[in-house]
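All of these numbers come straight from a predicted model, not from anything done at the bench. Convention: sequence-line order gives letters A, B, ...; per-chain numbering from 1. What's counted below: heavy atoms across the whole structure, side chains too, no hydrogens, waters or symmetry copies.
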There are 2 protein chains.
Amino acid sequence: MSKGLNRLKKILHHEGLRFTTQREAVWREIISSDDHRDADEIYMAIRKKGVSVSRATVYRTIDVLVKNNMVRKLDVGTGPSKFEHKIDTYHHDHIICIQCGRIEEFMVDQIEDLQDKVTQEYGFKLVRHIHQLFGLCKNCQ
Amino acid sequence: MSKGLNRLKKILHHEGLRFTTQREAVWREIISSDDHRDADEIYMAIRKKGVSVSRATVYRTIDVLVKNNMVRKLDVGTGPSKFEHKIDTYHHDHIICIQCGRIEEFMVDQIEDLQDKVTQEYGFKLVRHIHQLFGLCKNCQ
DNA sequence: TTCCTTATTGAGATTGAGTCTCAAAGAAAT
DNA sequence: ATTTCTTTGAGACTCAATCTCAATAAGGAA
């Protein structure tokens with residue numbers, strides 16, 4: 001049994017949505033790798049494995065997964081958004097190489113705490129954040 | 001004499017670009033307000049003032065300004081990018097209300113320092129960063 | 001000033017990511 | 001098995017942004 005499949009079923013049920021071949025395939029494809037891939041890459045990978053699915057369905061399913069915290073959407077500044085699953089992972093942010101596109105993950109508790117503090121100071125209720133460091137990786141400098 | 005106009009002229013000259021009515025108008029429009037506006041809002045404002053300009057030129061000019069550090073591009077997660085001038089301002093990041101779109105600016109030295117540290121640890125050379133807190137403002141909670 | 005070279009402009013076409021439409025196919029409840 | 005209601009998919013569409021290319025304008029030379 002694939003990781004998180006039950007959780008997916010519960011979520012779909014909870015939202016009054018149906019568990020379908022396509023939705024299962026999208027989820028399986030996303031957890032099959034820890035890479036940061038865009039919707040089209042995920043779409044192509046599913047088709048290559050012989051499952052019939054459309055781009056529209058891939059986008060629609062990813063939306064559900066993102067809303068339900070099983071997948072994270074990553075805006076990398078240029079080109080399509082990328083996605084990563086959130087199974088067995090901790091929260092992290094990203095360092096992105098503006099030359100080769102390489103993506104590294106980082107996490108600093110202190111920064112997270114300071115964020116919370118700032119948000120409170122401004123009277124906001126924090127829902128999510130984007131913290132991305134763009135630069136040149138070792139190889140590209 | 002409008003703020004930064006000389007700097008704009010120098011930049012254009014340095015890049016082998018010409019100082020034109022349109023480029024001047026775009027710059028004047030952008031520094032005329034501290035708001036965060038998108039390209040179309042800037043375009044409309046210029047036209048309203050009677051200067052003839054096209055959307056293409058507005059986009060092209062903003063690109064030059066962003067590349068030369070006179071204007072900052074702000075990806076607010078949904079819809080068109082927004083822009084703000086960088087004259088007489090200090091570096092800051094943004095808290096954005098996901099309900100009403102209100103944007104507040106914040107700056108925490110400690111976070112900036114931690115960012116530098118993280119980047120170094122990963123062997124990257126930091127070029128720029130995005131740090132955006134999305135949430136609900138006081139009014140929208 | 002006028003000439004001349006080269007950059008710029010603008011209207012509209014194009015791109016690209018993502019969303020929408022709607023008829024046909026498929027879940028799930030009874 | 002029947003009914004009901006959701007989902008799917010091909011392709012149309014949206015929207016921000018970029019590109020095209022003929023007409024226009026900048027600005028250096030003389």
Side-chain angles (χ1 to χ4, degrees), chain A residues 5 8-30 36-44 46-47 49-68 71-83 101, chain B residues 5-6 8-30 36-44 46-68 71-83 101:
Chain A
L5 246 201
L8 174 61
K9 283 180 185 166
K10 267 180 210 153
I11 286 167
L12 292 174
H13 189 257
H14 183 257
E15 300 220 345
L17 301 171
R18 291 176 182 169
F19 180 75
T20 65
T21 312
Q22 285 77 7
R23 286 181 177 146
E24 180 179 356
V26 171
W27 173 243
R28 281 188 186 277
E29 187 53 48
I30 290 175
H36 306 83
R37 291 183 292 173
D38 62 45
D40 212 61
E41 286 167 339
I42 293 162
Y43 163 75
M44 298 298 258
I46 297 169
R47 312 249 356 192
K49 285 176 188 167
V51 178
S52 161
V53 74
S54 68
R55 256 170 258 267
T57 296
V58 171
Y59 276 107
R60 283 186 289 228
T61 304
I62 289 176
D63 280 353
V64 175
L65 296 171
V66 169
K67 261 199 215 102
N68 286 280
V71 164
R72 175 130 89 124
K73 182 177 182 173
L74 234 184
D75 187 335
V76 294
T78 187
S81 295
K82 308 226 167 198
F83 302 94
Chain B
L5 246 201
N6 260 330
L8 175 60
K9 282 180 187 169
K10 268 181 212 154
I11 285 168
L12 292 174
H13 189 257
H14 183 259
E15 301 220 344
L17 302 172
R18 290 175 182 171
F19 180 75
T20 65
T21 312
Q22 285 77 9
R23 288 183 176 143
E24 180 179 356
V26 171
W27 173 244
R28 280 187 187 278
E29 187 52 50
I30 291 175
H36 306 83
R37 291 183 293 172
D38 63 43
D40 211 61
E41 287 167 339
I42 293 163
Y43 163 74
M44 298 298 256
I46 296 170
R47 311 245 3 188
K48 194 176 268 177
K49 286 177 187 166
V51 179
S52 159
V53 73
S54 68
R55 256 170 260 267
T57 296
V58 170
Y59 277 107
R60 283 186 289 227
T61 303
I62 289 176
D63 279 352
V64 174
L65 296 171
V66 169
K67 261 199 214 101
N68 287 279
V71 164
R72 174 129 90 124
K73 183 176 182 172
L74 234 184
D75 187 336
V76 295
T78 188
S81 295
K82 308 227 168 198
F83 302 92

B:T20 and B:R23: side-chain contact (heavy atoms from CB on, under 4.5 Å), yes or no, with the steps?
CA-CA 5 Å; B:T20 65; B:R23 288 183 176 143; 3.3 Å; yes
Starting the side chain at C-beta, find the nucleotide from C:dA17, D:dT8, D:dG9 nearest to A:Y59.
C:dA17
Looking at D:dA26, D:dG9, C:dA28, which one has an atom nearest to any side-chain atom of A:R18?
C:dA28
With a 4.0 Å limit, can you tell me whether [X] has a side-chain N or O closer than that to the phosphate oxygens OP1/OP2 of [N]?
X     : N     : result
B:R23 : C:dA7 : no
A:T61 : D:dT7 : no
B:T20 : C:dA7 : no
A:T57 : D:dT7 : no

Between B:Q22 and B:D38, whichever has its closest DNA chain D nucleotide further toward 5' is B:D38
B:H13 or B:A39: which one's nearest nucleotide on DNA chain D is closer to the 5' end?
B:A39
Between B:L65 and B:V26, does the side-chain contact (heavy atoms from CB on, under 4.5 Å) criterion hold? Intermediate values first, please.
CA-CA 10 Å; B:L65 296 171; B:V26 171; 4.3 Å; yes
N/O contacts under 3.5 Å, protein versus nucleotides 20-23 of chain C?
none

Rounded interatomic separation in angstrom, taking [atom1] from [X] and [atom2] from [N]:
X     : N      : atom1 : atom2 : value
A:D63 : C:dG18 : CG    : C1'   : 9 Å
A:D40 : C:dT19 : CG    : P     : 13 Å
A:I62 : C:dG18 : CD1   : P     : 9 Å
A:M44 : C:dA17 : CE    : P     : 12 Å
A:E24 : C:dG26 : CD    : P     : 16 Å
A:Y43 : D:dG11 : OH    : C1'   : 12 Å
B:L17 : D:dG28 : CG    : C1'   : 16 Å
A:R55 : D:dT8  : CZ    : P     : 16 Å

Taking the nucleotide of DNA chain C with the nearest heavy atom to each, does B:R47 or B:L12 sit closer to the 5' end?
B:L12
Is there a side-chain contact (heavy atoms from CB on, under 4.5 Å) between B:L5 and B:E24? Walk through the geometry before answering.
CA-CA 8 Å; B:L5 246 201; B:E24 180 179 356; 3.8 Å; yes
Whether the side chain of [X] engages the backbone of [Y] through a donor-acceptor N/O pair (distance < 3.5 Å, no angle test) should be reported.
X     : Y     : answer
B:R37 : B:K82 : no
A:E41 : A:D38 : yes
B:T61 : B:T57 : yes
A:R55 : A:Y43 : no

Using a heavy-atom distance cut-off of less than 4.0 Å, which residues of residues 71-83 of chain B contact DNA chain D?
B:P80, B:S81
cation_pi(A:K73, A:F83) dist<6.0 Å, angle<=45
no
Identify whether the distance between the nearest side-chain nitrogen and carboxylate oxygen of A:E29 and A:K49 falls below 4.0 Å.
yes
